[in-house]
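Heads up: the structure comes next, in structure tokens.
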There are 2 protein chains.
Amino acid sequence: MQSASVSEPQGTSEFVRDEDLTPRQQEVLESALALLVEGGEKALTTAKIASASNCSKESLYKWFGDRDGLISAMMAFQGSKVGAAVGQEDLGSASAFKNYLVRFACELLSVLAGDTSLALNRLAIGQASNDASPLGPLLIENGRGVIEAKAVGFLRSAEQKNYLTFDDARQTYHVLYGLIVRDVHVRLLLGERREFVMKNFERDAQTAIAQFYQLYGVEE
Amino acid sequence: MQSASVSEPQGTSEFVRDEDLTPRQQEVLESALALLVEGGEKALTTAKIASASNCSKESLYKWFGDRDGLISAMMAFQGSKVGAAVGQEDLGSASAFKNYLVRFACELLSVLAGDTSLALNRLAIGQASNDASPLGPLLIENGRGVIEAKAVGFLRSAEQKNYLTFDDARQTYHVLYGLIVRDVHVRLLLGERREFVMKNFERDAQTAIAQFYQLYGVEE
DNA sequence: CTCCTCAAGTACCGTACGGTACGGTTCTTG
DNA sequence: CAAGAACCGTACCGTACGGTACTTGAGGAG
């Protein structure tokens, strides 16, 4: 069992500490995610989650507090898998790094266009009007944050190796992001068909990186 | 009154033809939008709309069919105001056009960061998981579509006047969009504070346009 | 075997919402 | 002025959901 049981309400009244989830609880979160991907927030009712995962509603409330707690747990749970998704960078040579950037671009697009990512983003955005909703920040931290941190890291390294030249790594990353993603993410969030928005992944990624080098590459 | 009354169900069973809305109906849509901006989709109940606009629920259903019809009408109504927002382009000289691009960038950011735009996008995105929901396409057509059409237009003109050089105006516009908007839109949709995401409008717009010229500007 | 804990399944409660029906009032039209 | 339509306000209905309580059964410890 997890540390924060009924006995200690704890300061922030959290139910599941970070990542010490029972396998059973992970199963539940998994099927909840599947349910969300399938039918959107409307389909994410406590009854459906319970029946889909062969678990009682009472257990849901015992483990996650309430529906919002469960959703937060879903976000954190999914976020814990994102970090490993982006492969290790390769700064071996200028051209190797450029190739890596293309791979990074493809990876980024794949992640953003993934069913689960889209579903969670839709959920968080749908709740974002409510100021008290922690989902937006949670998603930013768990998804966007880790990728940005990683990217800023290898951009700085590339600059030190004189593959690129810029002032502010963060701003530079945002430009890179803009060149890669454009309005694709929002269009997907709005429900446009994936094949329609993203015909030819690879080519788009390559042009994006080429343009990025036009802006920040070092002349030789 | 509008043409499609109870007498004629019409092919698509639409209730309000495009834009022949009674002033009263416009008032209702206006307060519904205010309600949505205020409290998100959760606050957009038929009862609240009725009471907020001093109108009976019965009238709502008579005019708009059902809740979805009303929301669609809100989108179309708001969309009808977007077109005029973006000022007229100025192709008088190369530098005038560049200045206009900066203005365009600012305008685009203003529109995307507007309360109403954010609220409607959140609403449409929240429903996008439902395949049958027409809100996403509706929003894309009414918002994104008109701006893109306009932009593609003046990009083509600029290319003919030899201010810019490119192959595909559409793709070029998407790059321009990416440079201007980056991940700002999604972050705002997720609920991040406007002041935090968009500190210094003007400067960002100028850098974006400068970078755009690095990619597509003609040398002289 | 017995007790105890945990959790599944189900039944239940209060509430809130979408949608409908109705009485009363105003406004238009002849 | 009189007849009728439009419409507001409200009460109402069915349903669906979040959350709680209770019963049953399966393991685990003594």
Side-chain angles (χ1 to χ4, degrees), chain A residues 1-7 9 13 15-16 20-32 35-36 39-74 123 126-127 129-130 132-133 135, chain B residues 1-7 13 15-16 20-32 35-36 38-74 123 126-127 129-130 132-133 135:
Chain A
M1 16 246 83
Q2 73 280 4
S3 52
S5 191
V6 277
S7 52
S13 81
F15 276 73
V16 277
D20 48 6
L21 292 163
T22 303
R24 184 78 186 97
Q25 293 170 351
Q26 296 192 18
E27 284 177 33
V28 171
L29 293 181
E30 208 72 69
S31 50
L35 220 49
L36 176 66
E41 171 169 17
K42 195 181 76 76
L44 200 67
T45 71
T46 55
K48 282 180 184 164
I49 296 172
S51 96
S53 54
N54 290 329
C55 140
S56 75
K57 286 174 67 175
E58 195 167 17
S59 300
L60 292 185
Y61 286 97
K62 187 177 199 172
W63 293 335
F64 305 107
D66 59 2
R67 184 173 180 268
D68 290 340
L70 188 137
I71 293 177
S72 297
M74 288 167 63
L123 181 57
Q127 303 233 348
S129 49
N130 178 8
S133 173
L135 298 185
Chain B
M1 13 249 91
Q2 75 278 7
S3 53
S5 189
V6 276
S7 53
S13 80
F15 275 71
V16 276
D20 48 5
L21 292 164
T22 303
R24 183 79 186 98
Q25 294 171 351
Q26 296 192 18
E27 283 178 34
V28 171
L29 293 181
E30 208 73 68
S31 50
L35 220 50
L36 176 65
E38 186 80 19
E41 170 168 18
K42 197 180 77 73
L44 200 67
T45 71
T46 55
K48 282 180 184 164
I49 296 172
S51 97
S53 55
N54 290 328
C55 142
S56 75
K57 286 172 68 174
E58 197 169 15
S59 299
L60 291 185
Y61 286 98
K62 187 178 198 172
W63 293 335
F64 306 106
D66 58 2
R67 184 173 180 267
D68 290 339
L70 188 138
I71 293 176
S72 297
M74 288 167 63
L123 181 58
Q127 303 234 359
S129 49
N130 178 8
S133 173
L135 298 186

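In what follows, chains are A, B, ... by sequence order, proteins preceding strands, each numbered from 1.
Put simply, A:Arg24 has a side-chain N or O that comes within less than 4.0 Å of OP1 or OP2 on C:dA8. Contact between the side-chain N/O atoms of B:Trp63 and the OP1/OP2 oxygens of D:dA6 is not found at any separation under 4.0 Å.
Contacts of B:Ser31 classified as side-chain contact (heavy atoms from CB on, under 4.5 Å), with partners at least two apart in sequence or in another chain: B:Ser53.
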Worked verdict on B:Thr22 versus B:Trp63 for side chain to side chain contact (heavy atoms under 4.5 Å, CB included): CA-CA 10 Å; B:Thr22 303; B:Trp63 293 335; over 6 Å; no

Stepwise side chain to side chain contact (heavy atoms under 4.5 Å, CB included) test for B:Arg24 and B:Cys55: CA-CA 9 Å; B:Arg24 183 79 186 98; B:Cys55 142; 3.5 Å; yes

Candidate pair B:Asn54 and B:Glu27, rule side chain to side chain contact (heavy atoms under 4.5 Å, CB included), full reasoning: CA-CA 10 Å; B:Asn54 290 328; B:Glu27 283 178 34; over 6 Å; no

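Remark: C1' of C:dT26 and CG of B:Asn54 are 15 Å apart, rounded to the nearest angstrom. Distance CD (B:Gln25) to P (D:dA6): 12 Å, rounded to an integer number of Å.
We find that B:Lys42 and A:Glu41 are not joined by a salt bridge, their nearest charged nitrogen and carboxylate oxygen being 4.0 Å or further apart.
Side chains of A:Tyr61 and A:Thr46 form a contact here, defined as non-hydrogen atoms less than 4.5 Å apart.
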Reading 5' to 3' through nucleotides 17-25 of chain C, protein heavy-atom contacts under 4.0 Å coded B for base, S for sugar-phosphate only, - for none: SBBBBB---

